[in-house]
Amino acid sequence: MTELAFHNSATRQRETFSPLDPQHVRLYVCGPTVYDLAHLGNARPVVVFDVLARLLRRLYPRVTYVRNITDVDDKINARSLESGEPIAAITARTTADFHRDMQAIGCLPPDEEPRATDNIAQMISLIERLIANGHAYAAEGHVLFSVSSFPGYGALSGRSPEEMLAGARIDVAPYKREAGDFVLWKPSSDELPGWDSPWGRGRPGWHIECSAMSWRYLGTDFDIHGGGHDLIFPHHENELAQSVCAFPGSRFAHTWLHNGMLLVDGEKMSKSLGNFLTVRDILQRGPWAGEAFRLLLLKTHYRAALDYTAERLEEAKAELDDFYALLARDLPAPAEEDALVADMAAWALEPLGDDLNTPLAIARLRDLRTLENVATVGGSATTVLGRIGRDWQPASGQAAAALRQAAAVLGLLGGDAKAWRQGEAGDSAAIEAAIQARLDARKAKNWAEADRIRADLLAQGVILEDGPGGTTWRKA
Ligand SMILES: [Zn+2]
């Protein structure tokens with residue numbers, strides 16, 4: 001795969017991707033607002049852009065993937081008021097839950113995960129620039145972005161001024177000059193989180209948070225901005241307006257990628273319909289469920305709407321069962337730099353370069369599985385080779401190695417195949433127990449035993465990370 005092309009939401013066109021700096025690709029994705037468990041719709045962009053980040057890392061020397069945590073928001077304040085739990089406790093617990101759930105569905109952590117509350121100074125500085133440039137005004141403790149000051153407003157979402165005002169005209173706040181103007185900063189009463197600012201004690205609006213954090217970590221211009229389709233308006237339209245007006249001459253993100261919505265049983269997920277599902281609900285179905293859910297997500301192209309059903313989750317599990325059954329065989333391991341293995345893996349991954357065509361890449365994984373079956377147990381590869389258009393004749397073990405390599409870029413099939421077959425894959429209780437045993441060994445200064453446990457886990461695809469807060473683990 002030599003070339004990447006994406007459908008850029010901003011131009012509504014397929015474009016060849018050429019990074020601003022081919023030595024360093026920069027990606028920003030809007031992260032969670034931490035007040036509740038992640039639901040299935042929240043998980044979709046995390047998985048889609050995890051695959052994108054893995055793909056970019058395979059192709060470019062350096063990638064910085066930033067995904068923020070929104071830990072100051074009126075939804076969090078409302079949850080605290082309603083439950084009595086302090087805001088800091090809600091955001092800390094929900095952030096930890098988010099990390100656990102995303103790890104369980106095979107997502108690697110982003111390179112940077114800034115919290116909004118650690119970037120208030122950058123937000124204030126951006127707002128000051130917007131006021132100085134004539135794009136924002138202060139009124140009654142608020143600062144508002146003046147939409148009419150930016151002729152490009154609406155270009156990203158392709159909405160007319162009338163459409164954009166549809167919701168805004170109702171009950172227009174007296175401090176707004178125009179109904180469409182949106183909040184950059186708002187005053188906080190004593191009981192609400194607030195920071196000192198030139199406009200009094202207050203807190204940021206949601207949109208300015210992402211403009212400030214992308215600026216800090218990626219600069220005024222960067223390669224790709226991702227997020228759910230539902231964020232295009234107003235959130236991304238507003239991020240774009242703020243950033244290009246604060247830095248005249250800049251373009252902010254050069255490529256915008258948006259994933260489609262997720263339905264459950266054919267309907268929009270809602271608590272009142274009784275079809276509201278969290279990632280945690282899915283994970284409780286068994287140790288296989290995280291990877292099966294990930295496969296289910298990736299079997300649909302990211303821009304298409306995706307319908308989650310329990311049957312489709314079972315189908316994905318059955319498919320993983322087939323893959324792991326193959327990988328559980330004791331197959332010969334090809335040499336590290338086997339050219340045919342590399343060719344086959346590159347062929348399977350090629351569709352990802354075409355606007356992240358994960359369904360086709362997964363179909364090619366199935367073809368590699370067939371090739372391995374033919375090489376190992378016999379049969380005919382004519383149909384598959386006809387589809388592939390090559391005259392590959394892999395020896396036993398080669399197609400399986402290519403399958404593993406290619407699947408890793410999709411974040412799939414990284415588990416221990418024998419453990420999967422025993423129903424133990426992703427068994428976090430067993431991993432936690434091993435971590436505790438290693439900790440005990442270290443306390444007893446039994447370094448050899450501690451190292452043995454770490455190596456054992458690594459062989460199962462579990463990577464331990466020691467940090468100030470203790471030991472955490474992730475799948476390799
Ligand atoms: Zn954002």
Side-chain angles (χ1 to χ4, degrees), residues 1-3 51 54-55 58-59 106 288 291-302 304 306 309 311-423 425 461:
M1 176 186 2
T2 49
E3 197 172 78
V51 171
R54 288 171 189 252
L55 176 67
R58 185 180 156 90
L59 298 175
W288 50 271
E291 190 170 353
F293 179 57
R294 183 179 179 99
L295 176 60
L296 180 160
L297 291 177
L298 295 176
K299 280 168 74 174
T300 298
H301 188 265
Y302 78 94
L306 183 152
T309 64
E311 293 72 35
R312 294 196 65 209
L313 186 69
E314 292 291 342
E315 270 168 38
K317 178 193 183 292
E319 207 163 336
L320 289 171
D321 285 344
D322 287 347
F323 279 119
Y324 277 120
L326 175 79
L327 298 173
R329 290 192 201 136
D330 288 314
L331 298 168
E336 194 111 352
E337 307 261 333
D338 185 300
L340 179 56
V341 170
D343 271 2
M344 290 190 289
W347 168 79
L349 290 170
E350 194 179 51
L352 297 184
D354 176 17
D355 198 27
L356 223 55
N357 189 345
T358 55
L360 185 55
I362 290 164
R364 290 185 174 189
L365 297 185
R366 290 185 205 113
D367 285 342
L368 291 181
R369 187 183 63 208
T370 305
L371 284 182
E372 183 60 56
N373 273 323
V374 170
T376 307
V377 298
S380 165
T382 315
T383 315
V384 174
L385 288 174
R387 189 158 50 228
I388 297 171
R390 317 275 166 101
D391 55 358
W392 289 336
Q393 292 190 343
S396 180
Q398 281 180 310
L403 171 61
R404 279 250 195 219
Q405 270 182 31
V409 179
L410 294 161
L412 293 169
L413 303 177
D416 179 75
K418 288 182 176 132
W420 174 278
R421 308 257 292 151
Q422 288 157 5

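One is the number of the first residue; the rest follow in order along the sequence. Predicted, not measured: the structure shown is a model, and the values here were computed from it.
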Show me the side-chain donor-acceptor pairs of residues 383-394 shorter than 3.5 Å, one per line, residues at least two apart or across chains.
from: R387; atom 1: NE; to: D367; atom 2: OD2; distance (Å): 3.1
from: R387; atom 1: NH2; to: D367; atom 2: OD1; distance (Å): 2.6

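Considering all non-hydrogen atoms of both residues, S396 and L331 come closest at OG-CD2, 3.8 Å. Here the closest heavy-atom approach between residue A401 and residue P334 is recorded as CB-CG, 3.6 Å. Residues V374 and G379 share a closest heavy-atom pair of CG1-O, 3.4 Å. Taking each heavy atom of L326 and L403 in turn, the nearest pair found is CD2-CD2, 3.8 Å. When all heavy atoms of D355 and H301 are compared, the pair lying nearest together is O-NE2, 2.7 Å. Heavy-atom minimum distance, A361 versus L410: CB-CD1, 4.3 Å.
With Q398 contributing its side chain and V341 its backbone, the two residues share no donor-acceptor pair below 3.5 Å. In this structure a side-chain-to-backbone donor-acceptor pair under 3.5 Å is present from R294 to G411.
For the 3.5 Å distance criterion, the side chains of D321 and W420 qualify, holding a donor opposite an acceptor. A donor-acceptor pair shorter than 3.5 Å can be found between the side chains of Y324 and E291. Of the N and O atoms on the side chains of R364 and N357, not one donor lies less than 3.5 Å from an acceptor on the other residue.
Taken from CG in L59 to CZ in R54, the straight-line distance is 14.0 Å, to the nearest 0.5 Å. Going from atom CD of Q405 over to atom CG of L365 covers 12.0 Å, rounded to the nearest 0.5 Å.
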